[in-house]
Amino acid sequence: RGGGGHLASALAVRDCLLHEWPAAADGPEGVRPLLAEHTIEVIDTGILVDVAMVGQAVAKLLPFSGDDIYNWCIKNGHYGLAARATNFGMGTVRKNRALLTDYFADYFAEHAPHVVVSFIPTFNIILREALHRSVPRAGLLTVVTDMESSDAHRWIDPWSPAPDTKQHIIVAGGKRLQAQARDAGYPAHQILNVDGMVVHPTYYQ
């Protein structure tokens with residue numbers, strides 16, 4: 001429910017995997033089945049956050065979410081209000097970091113992912129801490145869908161020698177993002193340098 005670019009990128013990566021993997025029939029034994037269609041799941045993190053904050057029963061009754069407010073502001077040109085909504089949301093996340101980390105740790109423990117690919121800012125440090133707590137062998141990839149990481153949209157959290165950080169890879173689609181990742185302390189093998197944003201495979205058809 002957030003910005004359309006986040007969902008478009010998520011669907012593009014999913015469909016690229018499903019489109020390209022059959023050609024890799026000689027891939028490592030035990031890896032190829034992991035990319036069967038039913039094992040790739042696109043999750044709306046906003047819905048999970050709503051459930052974590054107010055419970056599933058109440059979340060179902062909510063007429064709109066913070067993402068809906070943000071999208072309405074952008075659609076109608078109220079960019080100042082959108083910025084305020086973003087700041088309020090970030091403050092709420094910071095205030096409830098422990099609660100959200102516990103919720104996602106339980107979620108990952110139940111679903112046992114091999115890898116989590118994030119297309120959203122703000123939550124990545126929560127996701128990587130929760131993932132390491134429940135599925136320490138799983139990796140986290142953050143695919144940045146903006147041109148830079150900023151205070152308003154924090155994509156790149158500081159690197160540290162903690163085990164959870166060592167499992168975190170930043171997919172940076174430009175020199176500015178790549179420099180920011182390096183400046184944040186990420187070693188070269190944890191920065192995937194690409195040119196621009198991911199494109200859906202149907203674009204080439």
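This structure is a prediction, so every number in the text was calculated from the model and none was measured.
Between Leu141 and Val115, some side-chain heavy-atom pair lies under the 4.5 Å cut-off. Looking at Phe119 and Thr142, their side chains never come closer than 4.5 Å, going by heavy atoms from C-beta outward. Put simply, the side chain of Leu48 reaches to within 4.5 Å of the side chain of Ile43, judged on heavy atoms. For the pair Ser150 and His153, the minimum side-chain heavy-atom distance is below 4.5 Å. Looking at heavy atoms from C-beta onward, Ile170 lies in side-chain contact with Val144 at the 4.5 angstrom threshold. Side-chain atoms of Leu131 and Pro113, non-hydrogen and from C-beta on, do get closer than 4.5 Å to each other. Asp106 has its side chain out of reach of Ser134: every pair of non-hydrogen atoms, C-beta onward, lies at least 4.5 Å apart. Inter-residue side-chain proximity for Phe104 and Val49 is flagged as met; some heavy-atom pair is nearer than 4.5 Å.
Listed here is the closest heavy atom pair of Met197 and Thr145: SD-CA, 3.6 Å. Listed here is the closest heavy atom pair of Trp155 and Val143: CZ3-O, 3.4 Å. Smallest separation of non-hydrogen atoms from Ile191 and Ala172: CG2-CB, 4.4 Å. Of all heavy-atom pairs spanning Phe108 and Leu127, the tightest one is CE1-O, 3.8 Å. Between His6 and Pro121, the shortest heavy-atom contact is CE1-CD, 3.9 Å.
How far CD1 of Ile69 is from CD1 of Ile74: 13.0 Å, rounded to the nearest 0.5 Å. A distance of 11.5 Å separates CD1 in Ile40 from CG in Leu11, rounded to the nearest 0.5 Å. Arg137 CZ to His132 NE2: the interatomic distance, rounded to the nearest 0.5 Å, is 13.0 Å. Ile156 CD1 to Ile125 CD1: the interatomic distance, rounded to the nearest 0.5 Å, is 13.0 Å. Rounded to the nearest 0.5 Å, atoms CG (Asp44) and CG (Leu7) are 8.5 Å apart.
Cluster annotation: Val194 and Leu177 are assigned to distinct hydrophobic clusters (Ile/Leu/Val/Met/Phe/Trp/Tyr, side-chain heavy-atom contacts under 4.5 Å, transitive). Hydrophobic clustering places Tyr103 together with Val93 (ILVMFWY residues linked when any side-chain heavy atoms are closer than 4.5 Å, directly or through intermediates). Residue Met147 is not grouped with residue Ile120 when hydrophobic side chains (ILVMFWY) are merged at heavy-atom distances under 4.5 angstrom, including chains of intermediate members. A continuous path of Ile, Leu, Val, Met, Phe, Trp and Tyr side chains, each step under 4.5 Å between heavy atoms, connects Phe123 with Val54, placing both in one hydrophobic cluster.
Ring pair Trp72/His78 is parallel by interplanar angle, where below 30° counts as parallel and above 60° as perpendicular.
Residue pairs meeting the salt bridge (Lys or Arg N to Asp or Glu O under 4.0 Å) criterion with at least one partner in residues 172-193, sequence neighbours excluded, are Glu148-Arg176.
Using modelled atom types, one side-chain atom of His111 and one backbone atom of Tyr107 make a donor-acceptor pair closer than 3.5 Å. Formation of a donor-acceptor pair under 3.5 Å by the Ser118 side chain with backbone atoms of Asn124 is not found in this model. In this structure, Gln178 contributes its side chain and Gly174 its backbone to a donor-acceptor pair below 3.5 Å.
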Show your reasoning for whether side chain to side chain donor-acceptor pair (under 3.5 Å) applies to Thr165 and Ser160.
-> CA-CA 6 Å; Thr165 310; Ser160 78; 3.1 Å; yes

Could you go step by step and tell me if Arg133 and Asp102 meet the salt bridge (charged side-chain N to carboxylate O under 4.0 Å, His left out) rule?
-> CA-CA 9 Å; Arg133 184 190 304 178; Asp102 289 344; 2.7 Å; yes

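Ring centers of His168 and Trp159: at least 6.0 Å apart, outside the cut-off.
Between Glu129 and Arg97, at least one side-chain N (NZ, or NE/NH1/NH2) sits under 4.0 Å from a carboxylate O, which counts as a salt bridge.
Among residues two or more places apart in sequence or in another chain, the side-chain contact (heavy atoms from CB on, under 4.5 Å) test is passed with Asp195 by none.
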